[in-house]
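Down below is the structure, laid out as structure tokens.
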Amino acid sequence: MTLTIKSAVKLTSGYSMPLLGFGVYQNYNAKPSVLEAFQVGYRHIDSAQAYKNEGAVGEAVRDSGIPREELFITTKCASKTHGYDSTLKGVEESLARFGFDYIDLFLIHDPFSGAQQALLDAQKAGKIRTVGVSNYGIKHLDEIKTAGLPMPAINQIELHPLCQQRPIVEYCRAHAIVVQAYCPIIRGQMGHLAIQAVSNKYGRDPAQILIRWSLQNGFVPLPKSSTPNRIRSNAAVYDFELAPGDMEDLNALDLGKAGAVSWNPVDAA
């Protein structure tokens, strides 16, 4: 299948999600960045209650002139809102901040406490279209399965050549859970000789190589930037394809947990 910026994946919820997302972590004035991303062709924005920019994302959606139904907007419930009543309250607060009637994807931000049933009920009420999780390891996903609850449609985890989380990825694929990749460009730590070698071979910057690697592995990368040139270049990954040998070279860089560059709480008790 030829990948384009319009490529999408069908979720178990029945909705489709664009394969390339735009992250807004630590982007507190996200409106200009999101508008730039929309101009480039992104249609998938990844926010969170903890990012404190849901309002800015909502403003960008309204100012863009793009029909709401053509966009896929994600947020995540913060740990402090976990628990049934507080999670439902958090959903209402997120809707109000965005200025939306519904949210495309609502993730549980971490595995430290549960919010699954509340989000499922909000989904039934039409306030959420798809429910997922973030930073969940196999143990946490198994707990959902054992409880008899529907499996999440998404698991968003740290994912890049240095931290490939293969057991979690394999579990997700076996259970029809789409894997989103945060920190896909390793927070700018792209100096590894193998990454540089592939970058030089294709005449592309390392970030483009890493995003393309993620897409070709079937992940949904969520690169973030507030710099217009970088926002554009991170989306310019559809006019080349990494050869199998180059994919293998990047796959061989996996350091397991030692390769993580974020909190990566997938092993939390």
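The figures that follow rest on heavy atoms only: side chains count, while hydrogens, waters and symmetry mates do not. A quick note: this is a predicted structure, and the numbers were derived from the prediction, not measured.
- A cation-pi arrangement is not found for Arg212 relative to Tyr202, the charged atom failing to lie both closer than 6.0 Å to the ring centre and inside a 45° cone about the ring normal.
- In this structure Arg204 satisfies the side-chain hydrogen bond (donor to acceptor under 3.5 Å, both in side chains) test together with Asp239, sequence neighbours excluded.
- Taking the ring axis of Phe72 as reference, the NZ or CZ atom of Arg43 does not stay both within 45° of it and closer than 6.0 Å to the ring centre.
- Rounding to the nearest 0.5 angstrom, the gap separating the SG atom in Cys77 from the CD atom in Glu93 is 12.0 Å.
- Side-chain contact between Leu215 and Pro221 is present, with at least one heavy-atom pair separated by less than 4.5 Å.
- A donor atom on one side chain and an acceptor atom on the other are found under 3.5 Å apart for Asn251 and Trp213.
- Put simply, CG on Leu162 and CG on Asp254 are 8.0 Å apart, with the number rounded to the nearest 0.5 Å.
- Separation of atoms OG (Ser94) and CD (Glu54) is listed at 3.5 Å; rounding is to 0.5 Å.
- At a threshold of 4.5 Å between non-hydrogen side-chain atoms, the residues Thr4 and Ser7 count as touching.
- Between Ser33 and Asn27, the side chains place a donor N or O and an acceptor N or O closer than 3.5 Å (distance only, hydrogens not considered).
- By the rule that hydrophobic residues join a cluster once side-chain heavy atoms approach within less than 4.5 Å of another member, Ile138 and Val178 end up as members of one cluster.
- Lys257 is linked by a salt bridge (charged side-chain N to carboxylate O under 4.0 Å, His left out) to Asp267, counting only residues two or more places apart in sequence or in another chain.
- If you take CD on Gln165 and CG on Leu159, they are separated by 6.5 Å, rounding to the nearest 0.5 Å.
- Residues Thr12 and Met151 have side chains not in contact (no heavy-atom distance under 4.5 Å, counting atoms from C-beta outward).
- With sequence neighbours left out, Tyr51 forms a side-chain hydrogen bond (donor to acceptor under 3.5 Å, both in side chains) with Lys76.
- Residues satisfying the side-chain hydrogen bond (donor to acceptor under 3.5 Å, both in side chains) test with Lys145, not counting sequence neighbours, are His175.
- Counting only N and O atoms by type, the side chains of Asp46 and Gln156 include a donor and acceptor under 3.5 Å apart.
- Between the side chains of Tyr171 and Asn155, not a single donor N or O lies within less than 3.5 Å of an accepting N or O.
- Annotation: salt bridge (charged side-chain N to carboxylate O under 4.0 Å, His left out) contacts of Arg187 (sequence neighbours excluded): none.
- The shortest distance between side-chain heavy atoms of Asp63 and Lys31 falls below 4.5 Å.
- Around the NZ atom of Lys10, the shell of radius 6.0 Å holds no more than 12 heavy atoms that belong to other residues, nucleotides or ligands.
- Contacts of Ser134 classified as side-chain hydrogen bond (donor to acceptor under 3.5 Å, both in side chains), with partners at least two apart in sequence or in another chain: none.
- Gln49 places a side-chain N or O within 3.5 Å of a backbone atom of Gly90 that can act as its donor or acceptor partner.
- With rounding to the nearest 0.5 Å, the separation of CD1 in Ile73 from CZ in Phe106 is 13.0 Å.
- If you take CE on Met190 and CD1 on Ile209, they are separated by 11.0 Å, rounding to the nearest 0.5 Å.
- Closest approach of Asn264 and Glu158 over heavy atoms only: CB-OE1, 3.8 Å.
- Checking side-chain atoms of His140 against main-chain N and O of Phe112 turns up no donor-acceptor pair under 3.5 Å.
- For Tyr25 and Asn53, the side-chain atoms include no donor-acceptor pair closer than 3.5 Å.
- Across every non-hydrogen atom of Pro206 and Gln196, the tightest pair is CG-NE2, 3.6 Å.
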